Structure formats: structure tokens, C-alpha cells
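Note that the structure is a prediction, hence the values are computed from the model and not measured. Worth knowing before you read on, the calculation uses all heavy atoms, side chains too, and leaves out hydrogens, waters and symmetry mates.
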Amino acid sequence: MPPTLPQGDPAPDDGALPLSAGGPTDRAFGVYLHVPFCTVRCGYCDFNTYTATELGGGASQDAYAGTALAEIALAERVLREAGVPDRPVQTVFVGGGTPTVLPTADLLRLLDGLRRTWGLADGAEVTTEANPDSVTPSSLRALADGGFTRVSFGMQSAVPHVLATLERTHDPRRIPDVVRWARDAGLAVSLDLIYGTPGESLDDWRTSVEAALATGVDHVSAYALVVEQGTRMAVQVRRGELTLPDEDDQAAKYELADDLLTQAGLHWYEVSNWARTAADACRHNLAYWRGDDWWGIGPGAHSHVGGVRWWNVKHPRAYADRLTAGLSPAAGREVLDSETTALERVMLGVRLAEGLPVDQVPPAGRAAVASLVADGLLDGPAAIRGTRADGVRESRIVLTRRGRLLADAVVRALVG
């Protein structure tokens, strides 16, 4: 069962934004486009995704591109009426679900809709997620020819028994092929990995990281498996059919990944992400972590513009019905006050290798910096005399590797 939506204030039927109560609207602007379809729903997944047998009514995959284009048109009107200055789209991220279960023509139609509505900035990053078994050389070439610049493949593991536990359907031997096809098409490539699957040994994990690196990709994401309530895997764990690894196992796998990736020339820029150069980092996700603006298109998608955050109705049928009726699909929203914005800045900024200025930490949290340095969780030289990229001296909060393993505890200490 996909997760429930957050609590918040009701959103108006016309989607109007109270930007006078929010923050500035001069940040970079991105678009997230959610495709809520998968051919098979994996047992660990709690994303807002559905298989064809779970849907009916106005939520068909065939009609989805037209429905999402209706929200793009609504977004243009809402932003214009709120007085938000026109901004070209800097980044587009098509996620899911499995976006590439849609016909390539539909994905290109959606990108063309964004191009016509706001325009794409010069050098815009346009990413789609994909399963390795949902692409072909011709489909990847068509995506690149139509304006996509990047593809993120859900590799997860190179070990068959781990993939079976995760209920992933692709053949791990296909990974080098799809990476080569994408690169031949001119696309940048990222591979997503998951560690901590029940039954995965440290050697299994080494095999997966080394297999990812053997493809020569310039970006790897590695996420610890979190078993969410309501998933099939959570039921298996509760029944004793699967046993989750302990925290020491998770930490050992993170450290192994960091060692192997760093030795191969990829460097961490966010707790769970490594890139060969700054240009290879995912700019769309960096925009989230830096607090930029984005509009989320699709059922359950979240948006943030000018200090207002909102989220759409969750089910594809309800989403389609509201747009067909000329209504905003937004289910709820919140206007972020200065205190909430400051706290979120710490929570997100701490996760980045660039860190954040000490003076952006609440006063109560600044008192904890010295002890966090002493405990080996923060980089001491950066906190004392760190400098920005432009050479200006500025004390910064930067996690050590031990701090990355305990990032949540660091955040709790810093927010007081």
C-alpha cells in the first residue's frame, strides 16, 4: 500500500498559491514528473505506484500523458496568477514507478509540454528513471534525440538471490548492456543500488558495487533498505520469514561502498550519492537539498514554490478525475514559516559534502558543534576555518564519514 499523504491545510480547488505569505520566488525552478505505473510491484516498495490490475476508471496508462499535460497547463496558470516571474526549467526528473513503461512517445510528449510552457534552460538536466528490462537501444536513442540527457537505472544488486528477495524482475547480466546502450545514445548514466537486503552478505554487496563500477558509470546512488509498514516485505519480516541485518552490518556495507567508489574515482557529494566530478552530480536532487523551487506533476507528487509546499491526491483515478473536472489535484498544503525553513535547511544541508555555514545553524545547535567535532562526527578544520568555493573564509558544518553514518543524530544535535 503506498504511503499516506501528510497532514496539512486544505488546498483550494483552483490551486491558487498564497505566495505573499511565503518566501522568494527567484530560486532555480525544476519539475518532477511522477509516473505511477509498474509492471510488477516489488515487495519492499512503498512508493505511490500501481500495476495495471490495481487501476481502473480514468487512470489508464494510455491516457496518462494527456492527464499530466493538463496539470502542466494548470501549473502555468497558477504561477502566472500568483505573479511568479517566468523561469525556464533548469532540471526535469521523471520518476515513479517505472517511467519507461510508458511509450517513449508519451515521455517525449510530456517533455515537449514543459518546453512549450516554460522553456528549458540552456544545458538543462533531463533525467528519467528506468528499469533495466524496460529499455532498448532504440528507445534510449529516441529519448536522447528528444531532449533527455540522463538516465538512472534501478540496478539495486548484481546478485540473483538478493534481487529475488527484493522481487526485482531484471537479469543482472543485462546491466552492462543497458549502460552501454545509454552511453552510445549520448545519455549520462547513474546506477541505483540498495544494501541491507535480508540474506545479503558483505561479499554479495561487494559484488554489486564492483559490478556497478565495472560499467564505468560516473554516478552511483547507494541506499540502505528501509522496510516500511504496509509492504509485503514488512509482513515477511513480522512472520519471521526474513531477517533484517543489524546496524553494524549496514554500517559495514556503507563503508565498503564508500571505499570502493572512492578508490574508483567517485566522490560523495551527498550521504547516499557519489559522482566522478561535480558535473556528474544529479542537479535535480541537489535542488531539493538546497531548497530551490519545483512543481511536482502526477498523483501523490509534492511541490515547493516560494515557501509554499503542497501535495497531490494519491490515487491516479482521483488525480485524473479532478483534472478532468478542471480542478487542481492538490490535496493539501502548508506555508513554511521562517523557523521551519531554517530547520529544514539544516536537515538537508548537513547531508551535502559542501555542508552549510555554521551561522545557518540555530543558536542552540551551534553550542553542540564543538562536541560533534570531538566525537569525530564533524570535520574540525571546516568548522573552525572552512572556506567556500570562492575562497571566502566561512566556518562550515561538514560530516566526516562517521558523521554520515550517524547523520540523523548530528541533525538532532544541531537543531537543538
Side-chain angles (χ1 to χ4, degrees), residues 193-196 202 205-206 209 220-226 244-278 281-282 285-291 336-416:
L193 298 173
I194 290 177
Y195 61 91
L202 192 62
W205 176 235
R206 177 186 291 274
V209 178
V220 172
S221 300
Y223 301 104
L225 177 67
V226 177
L244 293 176
D246 59 25
E247 291 182 358
D248 289 341
D249 179 87
Q250 297 273 43
K253 287 172 179 169
Y254 181 90
E255 290 175 337
L256 177 60
D258 190 49
D259 286 340
L260 294 174
L261 292 165
T262 301
Q263 290 165 13
L266 280 72
H267 306 285
W268 81 282
Y269 68 93
E270 190 274 339
V271 168
S272 299
N273 290 271
W274 289 258
R276 197 169 303 280
T277 70
C282 178
N285 286 341
L286 281 170
Y288 292 153
W289 296 315
R290 291 170 176 166
L336 306 179
D337 58 28
S338 58
E339 180 180 0
T340 301
T341 299
L343 291 178
E344 291 189 357
R345 184 76 208 94
V346 173
M347 292 171 61
L348 297 173
V350 160
R351 297 185 62 86
L352 296 174
E354 67 192 38
L356 77 160
V358 171
D359 61 14
Q360 290 189 13
V361 176
R366 291 177 211 165
V369 170
S371 62
L372 291 170
V373 170
D375 290 340
L377 301 177
L378 294 182
D379 182 85
I384 297 170
R385 58 179 186 277
T387 57
R388 300 194 314 231
D390 59 7
V392 175
R393 180 160 292 184
E394 179 182 62
S395 297
R396 300 185 72 82
I397 302 294
V398 177
L399 295 173
T400 61
R401 184 159 82 169
R402 183 166 182 266
R404 282 183 267 160
L405 291 168
L406 298 170
D408 290 345
V410 172
V411 168
R412 286 195 297 271
L414 292 175
V415 299

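Looking at every heavy atom in both residues, A275 comes nearest to A281 through CB-N, 3.7 Å. Among all heavy-atom pairs drawn from L356 and G349, the shortest one is CD2-C, 4.0 Å. Nearest heavy atoms, W274 versus A222: CZ3-CB, 3.7 Å. Nearest heavy-atom pair across L343 and P362 is CD2-CG, 4.1 Å. Closest non-hydrogen pair, A257 versus V209, comes out as CB-CG2, 4.3 Å. Residue H267 comes nearest to T262 through the heavy atom pair ND1-CG2, 4.2 Å, listed as atom of the first residue, atom of the second, then distance.
In this structure, the side chains of L399 and L378 come closer than 4.5 Å at one or more pairs of heavy atoms. The side-chain heavy atoms of L244 and Q250, taken from C-beta on, include no pair separated by under 4.5 Å. Contact of the L405 side chain with the E255 side chain is registered, since non-hydrogen atoms from C-beta on lie closer than 4.5 Å. Counting heavy atoms from C-beta on, the side chains of R396 and V358 never come closer than 4.5 Å.
Taken from CG in L193 to CG in L225, the straight-line distance is 13.0 Å, to the nearest 0.5 Å. Going from atom CH2 of W268 over to atom CG of L261 covers 13.5 Å, rounded to the nearest 0.5 Å. Separating the CG atom in N273 from the CG atom in L266 is a distance of 10.5 Å, to the nearest 0.5 Å. We find the OH-CG distance between Y269 and L286 to be 5.5 Å, quoted to the nearest 0.5 Å. Rounding to the nearest 0.5 Å gives a distance of 5.0 Å between OG of S272 and CZ of R351. Atom CG in L348 sits 9.0 Å away from atom CD in E270 (nearest 0.5 Å).
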message = Show, in sequence, the C-alpha distance, side-chain angles and deciding distance for D379 and T400, and conclude whether the side-chain hydrogen bond (donor to acceptor under 3.5 Å, both in side chains) test is met.
response = CA-CA 6 Å; D379 182 85; T400 61; over 6 Å; no
task = Could you check V373 against I384 for side chain to side chain contact (heavy atoms under 4.5 Å, CB included), going step by step and ending with a plain yes or no?
result = CA-CA 10 Å; V373 170; I384 297 170; 6.0 Å; no
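For D249, the salt bridge (Lys or Arg N to Asp or Glu O under 4.0 Å) partners are K253, not counting sequence neighbours.
In terms of modelled atom types and a separation under 3.5 Å, the side chain of D375 and the main chain of L377 share no donor-acceptor contact. A donor-acceptor pair is defined here as one N or O able to donate and one able to accept, closer than 3.5 Å; such a pair exists between the side chain of S395 and the backbone of A383. Of the possible polar contacts, one joining the Y254 side chain to the V271 backbone as a donor-acceptor pair under 3.5 Å is found. Judged by distance alone, the side chain of R345 and the main-chain N or O of W289 form a donor-acceptor pair under 3.5 Å.
Sequence neighbours left out, the pairs with a member in residues 402-411 that pass salt bridge (Lys or Arg N to Asp or Glu O under 4.0 Å) are D258-R404.
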